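As structure tokens, the structure follows; a few thoughts come after it.
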Amino acid sequence: MRKALVIGINNYPNAPLRGCINDASVFGGIIETNGDGSPNYDVRLITDVSTKAELKGHIRDLFSGDADTALFYFSGHGYLDDIGGYIVTPDFQANDEGVSMDEILTIANESKAKNRVIILDCCHSGAFGSPKNAGNKSTHIAEGVSILTASKNDEAAMEINGHGVFTNLLLDALQGGASDLRGHITPGSIYAYIDQALGPWDQRPVFKTNITRFTSLRTVIPQVPIEILRSLTEYFPSATHQFNLDPSFEVTNSSNVEHKIIEPYANELNVKKFKDLQKLESVGLIIPVGEQHMYFAAMNSKSCKLTALGYHYWRLVKDKRI
């Protein structure tokens with residue numbers, strides 16, 4: 001069971017926003033399914049929540065029960081005072097701006113959901129998980145909680161052309177930009193993707209977590225088929241093994257092709273292996289030895305070997321984690 005509460009608010013009196021509802025709608029649509037169309041999250045999309053009480057009720061509903069993952073996404077105004085941070089609701093007034101970030105964290109900390117993920121695209125969102133009152137242990141980040149915010153606690157979260165800068169990058173990350181070679185997208189990989197895209201003069205995203213292992217927020221079709229990844233240990237029995245190539249691995253080295261061919265001619269089994277190896281090279285897991293390209297490594301009877309990244313995935317296969 002995976003559920004997500006997705007909130008977007010544009011309609012603030014005297015301070016309307018333009019892109020929050022659209023960003024929330026697109027975000028909810030993406031995480032509802034995985035890249036192959038399979039179900040992912042049961043999404044509750046709510047736009048222009050009118051009151052603090054209504055929003056707090058939805059948040060309590062999200063974190064009730066024992067779901068495998070409970071995800072909260074908010075796009076709207078944020079506020080920071082000398083007590084702490086708030087996600088702002090349209091009924092805000094002086095000294096009562098909205099739902100306290102510390103209170104949301106307390107609700108998430110006490111939830112029985114295995115994984116709790118909070119994603120905020122609002123100004124001062126970096127205040128989430130950094131309570132002003134350090135003596136209140138209930139606002140410390142409990143195990144199983146991950147927090148990803150658009151900006152630091154003293155920064156604004158920018159809109160450009162009616163869309164949040166942070167959420168635009170978040171959506172790109174969820175559509176595959178932040179996936180590993182198995183197609184898994186985690187809060188940590190999303191943060192790394194957004195962090196690299198934003199420069200030192202831009203708003204800075206914040207990532208806080210207390211977990212023993214990352215949860216996958218969404219999966220996409222892997223860059224390399226899983227069965228080819230699993231073949232790493234077949235082609236490379238040891239991490240330092242070099243796989244020997246020769247012209248029989250190159251499909252164009254065939255008498256059916258009108259150009260100079262050399263023995264041994266293309267062999268169907270070797271050609272299949274070579275296509276696998278070329279896919280592994282295309283994602284940086286192997287490199288040819290003594291040549292710049294796999295084609296010349298084959299035609300000149302050279303070899304190929306694992307890269308450092310290739311060794312990482314080779315070890316995952318060897319340990320039966322893939």
Side-chain angles (χ1 to χ4, degrees), residues 2 30-41 68-69 115 172-190 192-193 213-254 256-257 264-322:
R2 291 158 69 92
I30 289 175
I31 64 166
E32 195 168 24
T33 59
N34 292 304
D36 62 0
S38 62
N40 189 24
Y41 285 88
D68 178 68
T69 302
N115 299 290
D172 290 343
L174 286 168
Q175 292 181 93
S179 72
D180 66 10
L181 295 183
R182 295 168 292 178
H184 294 303
I185 301 169
T186 68
S189 67
I190 291 174
Y193 179 89
R213 60 181 299 175
F214 280 125
T215 183
S216 180
L217 296 186
R218 187 172 190 258
T219 60
V220 294
I221 297 173
Q223 299 176 52
V224 175
I226 295 298
E227 59 270 20
I228 295 180
L229 274 181
R230 289 178 179 147
S231 70
L232 277 170
T233 54
E234 298 175 19
Y235 294 134
F236 301 91
S238 70
T240 58
H241 178 78
Q242 293 190 7
F243 187 92
N244 292 322
L245 301 168
D246 62 49
S248 70
F249 285 81
E250 173 51 48
V251 66
T252 63
N253 187 47
S254 168
N256 297 326
V257 180
Y265 301 139
N267 172 283
E268 184 177 352
L269 178 60
N270 285 347
V271 167
K272 180 181 180 302
K273 292 179 180 178
F274 195 52
K275 288 181 178 178
D276 289 351
L277 292 167
Q278 287 176 311
K279 289 178 181 177
L280 293 170
E281 184 213 14
S282 71
V283 292
L285 298 187
I286 68 172
I287 54 173
V289 177
E291 298 287 352
Q292 287 189 331
H293 304 286
M294 291 288 284
Y295 170 83
F296 294 113
M299 297 303 291
N300 295 326
S301 296
K302 298 292 181 68
S303 63
C304 58
K305 65 179 182 179
L306 294 170
T307 62
L309 181 62
Y311 170 67
H312 169 68
Y313 280 93
W314 176 88
R315 185 169 53 188
L316 291 177
V317 174
K318 184 175 182 295
D319 293 342
K320 302 187 185 304
R321 295 178 183 173
I322 294 181

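Residue numbers run from 1 in the order of the sequence given. Please read these numbers as outputs of a predicted model, since none were measured by experiment.
S189 OG to F214 CZ: the interatomic distance, rounded to the nearest 0.5 Å, is 8.0 Å. Here the straight-line distance linking atom NZ of K273 with atom CG of L277 works out to 9.0 Å at 0.5 Å rounding. Interatomic distance, CG of D276 versus CD1 of I286, reported as 9.5 Å (0.5 Å rounding). Remark: T215 OG1 to D68 CG distance equals 6.0 Å, nearest 0.5 Å. E32 CD to Y41 OH: the interatomic distance, rounded to the nearest 0.5 Å, is 12.5 Å. Summarising the geometry, atom CD belonging to E268 is positioned 12.5 Å from atom OG belonging to S248; distances are rounded to the nearest 0.5 Å.
The nearest pair of heavy atoms linking Q242 to K305 is CG-CB, 4.1 Å. The shortest non-hydrogen separation linking P247 to S301 is CD-OG, 3.4 Å. In plain terms, the two heavy atoms of Q292 and E281 that are nearest each other are O-OE2, 4.5 Å. Looking at every heavy atom in both residues, T186 comes nearest to S216 through CG2-CA, 4.3 Å. Smallest separation of non-hydrogen atoms from G310 and L232: O-CD1, 4.2 Å. Closest of all the heavy-atom pairs between L269 and N267 is N-OD1, 2.9 Å.
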query: Taking it one step at a time, do L316 and L229 satisfy side-chain contact (heavy atoms from CB on, under 4.5 Å)?
result: CA-CA 10 Å; L316 291 177; L229 274 181; over 6 Å; no
### Task
Walk me through it: do F274 and V271 pass the test side-chain contact (heavy atoms from CB on, under 4.5 Å)?
CA-CA 5 Å; F274 195 52; V271 167; 5.5 Å; no
Run the numbers on T240 and L306 for side-chain contact (heavy atoms from CB on, under 4.5 Å), then give the verdict.
CA-CA 7 Å; T240 58; L306 294 170; over 6 Å; no
I228 and L280: CA distance, side-chain angles, deciding distance, side-chain contact (heavy atoms from CB on, under 4.5 Å) verdict: CA-CA 8 Å; I228 295 180; L280 293 170; 4.0 Å; yes
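When each of V220, L174, I190 is checked for a side chain to side chain contact (heavy atoms under 4.5 Å, CB included) with S179, only V220 meets the rule.
A side-chain donor-acceptor contact under 3.5 Å links N40 to the backbone of L217. Side-chain atoms of E291 do not come within 3.5 Å of backbone N or O of H293 as any donor-acceptor pair. Put simply, the side chain of N300 never gets that close to the backbone of K302: no donor and acceptor are under 3.5 Å apart. Side-chain atoms of S231 never come within 3.5 Å of backbone atoms of E234 as a donor-acceptor pair (strictly under, hydrogens ignored). A side-chain donor-acceptor contact under 3.5 Å links N253 to the backbone of P264. Put simply, the side chain of D180 gets close to the backbone of G183: a donor and an acceptor are under 3.5 Å apart. Between the side chain of R218 and the main chain of T33, a donor-acceptor pair closer than 3.5 Å is present.
Defined by atom type and a distance below 3.5 Å, a donor-acceptor pair is present between the side-chain atoms of T219 and N34.
Ring geometry for Y311 versus W314: interplanar angle under 30°, hence parallel rather than tilted (30 to 60°).
In this structure the side chain of R182 reaches within 4.5 angstrom of the side chain of I226, judged on heavy atoms.
The aromatic ring centres of F249 and F243 sit less than 6.0 Å apart.
Heavy atoms of other residues, nucleotides or ligands lying less than 6.0 angstrom from CD1 of I221 number 12 at most.
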